[in-house]
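In what follows, a single structure is set out as structure tokens and then discussed.
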Amino acid sequence: MRALFEIRLRWSDEILQDEAAPYGSLWLPDIPRNRHHLNEAMALGNRLYGDKTHWIEQRQA
């Protein structure tokens, strides 16, 4: 049996928070396209706000 996973972009508590998504983006299926887009968003966030302020979180669906 294959376990399915979901991923989302998370960011540090030090980053200005939006009321709609205070600590991270919505959960998405962990497929190559979604992972690619979140990796790009993570890289941009880390460039703008500092190293390791953004990361990808994973959970079992």
Side-chain angles (χ1 to χ4, degrees):
M1 184 171 186
R2 188 173 146 223
L4 301 177
F5 292 93
E6 296 176 316
I7 55 176
R8 71 177 179 171
L9 183 64
R10 286 286 315 258
W11 47 84
S12 169
D13 293 342
E14 299 168 8
I15 304 300
L16 183 62
Q17 300 172 5
D18 183 333
E19 289 180 21
Y23 302 108
S25 67
L26 297 176
W27 289 100
L28 302 169
D30 189 2
I31 60 174
R33 184 177 134 204
N34 290 341
R35 188 164 284 274
H36 172 76
H37 289 301
L38 289 181
N39 274 323
E40 287 184 343
M42 178 183 67
L44 177 61
N46 285 331
R47 278 196 307 275
L48 293 173
Y49 294 99
D51 192 36
K52 298 183 182 180
T53 58
H54 291 72
W55 61 93
I56 294 176
E57 185 175 47
Q58 178 178 306
R59 73 177 181 187
Q60 191 168 348

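Please read all numbers here as calculations on a predicted model, not as lab measurements. Numbering starts at 1 and runs along the sequence shown. As a basis for the values below, the full set of heavy atoms in this structure was taken, side chains included, without hydrogen atoms, waters or symmetry mates.
Residues that satisfy the salt bridge (charged side-chain N to carboxylate O under 4.0 Å, His left out) test with R47, not counting sequence neighbours, are absent from this structure. Applying the side chain to side chain donor-acceptor pair (under 3.5 Å) rule to N34 yields no partners; only residues at least two apart in sequence or on another chain are considered. With sequence neighbours excluded, the residues forming a side chain to side chain contact (heavy atoms under 4.5 Å, CB included) with A41 are L9, listed by chain and number. Residues passing the salt bridge (charged side-chain N to carboxylate O under 4.0 Å, His left out) test with E40: none are found, sequence neighbours excluded. Scanning for side chain to side chain donor-acceptor pair (under 3.5 Å) contacts around R59 gives E6, with sequence neighbours left out.
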Chi angles and distances behind the side-chain contact (heavy atoms from CB on, under 4.5 Å) call for D30, Q58
CA-CA 8 Å; D30 189 2; Q58 178 178 306; 3.7 Å; yes
Going through the distances and angles, do W11 and M42 end up as a side-chain contact (heavy atoms from CB on, under 4.5 Å)?
CA-CA 9 Å; W11 47 84; M42 178 183 67; over 6 Å; no
Give the intermediate values and the outcome of side-chain contact (heavy atoms from CB on, under 4.5 Å) for residues L4 and Q60.
CA-CA 6 Å; L4 301 177; Q60 191 168 348; over 6 Å; no
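Both Y49 and L44 are members of a single hydrophobic cluster when ILVMFWY side chains are connected at heavy-atom separations under 4.5 Å.
Closest approach of T53 and G45 over heavy atoms only: OG1-O, 3.7 Å.
Atom CZ of F5 sits about 10.0 Å away from atom CZ of R35, to the nearest 0.5 Å. Atom CG in L28 sits 9.5 Å away from atom CZ in R33 (nearest 0.5 Å). With rounding to the nearest 0.5 Å, the separation of CD in E57 from OG in S25 is 9.0 Å.
Side-chain atoms of N46 do not come within 3.5 Å of backbone N or O of D51 as any donor-acceptor pair.
I56 is not listed as a side-chain neighbour of R10, based on a closest heavy-atom distance of 4.5 Å or more.
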